[in-house]
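From a predicted model like this one, the values you see are computed outputs, not experimental measurements. Heavy atoms only: backbone and side chains are in, while hydrogens, waters and symmetry mates are out. Both ligands and their constituent atoms are indexed starting at 1 by order of listing.
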Amino acid sequence: MQTAEPAFREETVLILAPTSKDAALSRKVLEEAGIACAVCRDLGELCVGIDSGAGVAMLGEEALTAESLNLLRLAVRRQPAWSDFPLLILTEQGADSEVVLRTLETLGNVTLLERPVRVPALVSAVRSALRARRRQYQIRDHLSENNRVAAALMEADRRKDEFLAILAHELRNPLAPLRNALEAMRLKPHDREAASWARALMERQVAQMVRLIDDLLDLSRVSRGRIELRHERSDLATLVQGALDVCGPSIANAGHRLTVELPGTPMPLVCDPTRVVQVICNLLSNAVKYTPPGGHITLSARRRDDLFEVSVRDTGIGIPGDMLARVFDMFTQVPHAIERSQGGLGIGLTLVKRLVELHGGQVEAKSVGPGLGSEFIVRLPERMTAHAAPMMVAALADKVSSPKQRILVADDNRDAADSLAVMLRIAGHDVRTAYDGQQALDLAETFKPSLALLDLGMPRVNGHDTARRLRETEHGRNIVIIALTGWGQPEDRNRSLAAGFDHHLVKPVDPSMLERLLAAPAREKKTGSACRGEDGPRGGVDQCDRPLELVGGVALQRPSGPDLR
Ligand code: ADP
């Protein structure tokens with residue numbers, strides 16, 4: 001094929017003429033009109049040109065034998081759905097031969113040009129065919145953009161579902177020790193030692209659940225591929241102990257022997273402790289699940305150069321060699337293990353891998369083969385630098401002691417209102433509770449609180465209106481009003497500020513954070529300060545400028561540095 005361009009362009013006109021002289025003439029005429037051309041030697045070449053993405057084909061009627069017509073028809077049919085390939089056919093005078101009529105019927109977008117064709121007529125016919133072709137290209141581009149967007153949406157949806165599935169799975173983990181602790185308290189109601197053990201355990205587990213629910217509320221982050229780590233100084237041995245709090249009972253229940261190997265020296269590291277505990281727990285749970293009763297599980301942690309290694313080894317059913325890498329893939333379960341699986345979704349190890357990688361670490365699975373046990377080794381970098389801030393803030397927070405306040409707590413969830421009131425009373429405050437907005441307003445008139453903690457979604461008068469109406473009263477003008485809510489997006493916070501709230505806390509409120517607010521000086525003149533930051537802290541941390549300067553300052557470091565809980 002003699003082409004004007006080195007390769008076909010989308011607007012190239014393919015020319016198939018009876019003689020090379022005719023072809024050269026057509027080409028000259030069109031090229032003078034600024035149209036790119038390619039001369040084809042035969043119909044086969046023309047069809048190749050159509051397949052390669054030319055703009056228009058121009059050919060003489062005499063090229064259309066029954067066989068070549070068939071070839072051409074096939075080439076046109078091979079075109080993608082958006083294409084209606086333009087064919088210009090130069091016919092003998094009369095244009096009513098049987099071949100021409102058949103061509104018209106079966107080839108779709110055909111324009112007949114009767115010979116002899118005058119140059120302007122030929123050029124204008126080719127131009128309008130090219131214009132039509134351009135429109136087809138626009139449709140093609142539009143369709144491919146639509147497909148791209150649809151694929152992106154499906155991917156986002158898939159990731160959201162994946163995340164939900166992971167969370168649902170992981171939400172169950174803390175429930176077991178919570179229930180155990182409650183049971184222990186029920187069985188030994190007067191045992192102070194048991195109570196303090198149970199309380200410590202429940203605090204840890206509640207913190208873990210709060211974290212997971214926070215992540216659920218932050219679902220929009222998933223579409224941006226972000227799960228945030230909350231780095232803190234920690235010690236690996238403490239984290240191993242935390243994991244054993246969760247999984248120890250199930251190891252014992254399954255009749256396994258447990259060996260824990262920890263070095264005598266501390267193993268300080270900076271990591272997200274909840275996530276590391278979660279990783280170890282997942283591995284331990286798997287060891288329990290995939291080891292027949294009476295097996296032996298070894299949990300060890302040690303420092304190796306500048307890495308920390310946690311290994312969970314079992315004497316269980318093992319993993320075939322070809323599955324060792326794949327077990328970390330989403331929804332992957334080793335076929336022979338399915339009957340041993342206890343309702344797992346095949347996501348635990350995916351979560352382990354992602355969390356470890358988020359820490360800059362790696363996880364590896366080892367097994368000599370089926371029936372010969374497995375070992376999972378997590379390697380975490382030390383990351384000791386630049387993480388002093390949370391400790392400082394925590395230390396400062398500890399020093400804060402709140403002056404006695406008159407506090408009005410309003411929440412239609414009676415347990416929530418009553419338990420918060422109990423907590424505040426223990427801290428020495430004078431507290432009254434109301435279970436809807438109207439009751440809160442009535443009570444405020446006589447009780448004259450110095451501070452009001454209002455749920456937002458209350459019956460009769462909602463929290464926003466309660467705050468607004470409180471602010472209209474002589475007394476309410478200068479009290480501190482704090483919103484308590486499950487909604488923590490910036491727009492929710494702004495709505496609270498607009499209604500007259502001083503602070504917007506996301507439930508469940510971190511007691512130390514509340515303590516800090518209670519310790520703050522009485523309400524200054526209302527400044528209408530705006531909330532800061534797109535990615536402000538969650539879970540009970542005020543995001544607004546005033547008066548939590550310190551908290552806000554730390555919160556602003558969150559994208560790269562540690563965050564404050
Ligand atoms: P789940 O346990 O919920 O199925 P995981 O992602 O935790 O999902 O594990 C994926 C698969 O890897 C399991 O289904 C099991 O086949 C295999 N596996 C995980 N841990 C072990 C282990 N300790 N011993 C043997 N097989 C294991």
Query raised in the report: Which ligand 1 atoms, with their elements, are less than 4.0 angstrom from a heavy-atom of Lys289?
Result: 1 (P), 2 (O), 3 (O)

Requested in this report: Just do the side-chain contact (heavy atoms from CB on, under 4.5 Å) check on Val480 and His503 with the steps written out, would you?
Outcome: CA-CA 8 Å; Val480 174; His503 303 283; 4.2 Å; yes

Query raised in the report: Closer than 4.0 angstrom: is that true for some heavy atom of Gly318 and an atom of ligand 1?
Result: yes

Query raised in the report: Do you see a donor-acceptor pair shorter than 3.5 Å between the side chains of Asp418 and Tyr435?
Result: yes

Requested in this report: For ligand 1, find out whether one of its N or O atoms is nearer than 3.5 Å to an N or O atom of Leu349.
Outcome: yes

Report summary line: Among Ala365, Ser374, Gly316, closest by heavy atom to atom 24 (N) of ligand 1 is Ser374

Requested in this report: To the nearest 0.5 Å, tell me how far Ser496 OG sits from Ile481 CD1.
Outcome: 11.0 Å

**Report entry** ligand 1 contact on Thr291 by region, counting heavy-atom pairs under 4.0 Å
**Finding:** neither

Requested in this report: Take every heavy atom of Phe376, measure it against each atom of ligand 1, and state whether any distance is under 4.0 Å.
Outcome: yes

Query raised in the report: Looking at Val276, Val246, Asn286, which one forms a side-chain contact (heavy atoms from CB on, under 4.5 Å) with Cys281?
Result: Val246

**Report entry** Contact (N/O only, under 3.5 Å) between Thr350 and ligand 1
**Finding:** no

Report task. Go through the side-chain N and O atoms of His296 and Thr259 and say whether any donor and acceptor fall under 3.5 Å apart. Result -> yes

Query raised in the report: Looking at CG of Leu505 and CD1 of Ile482, how far apart are the two atoms once the value is rounded to the nearest 0.5 Å?
Result: 5.5 Å

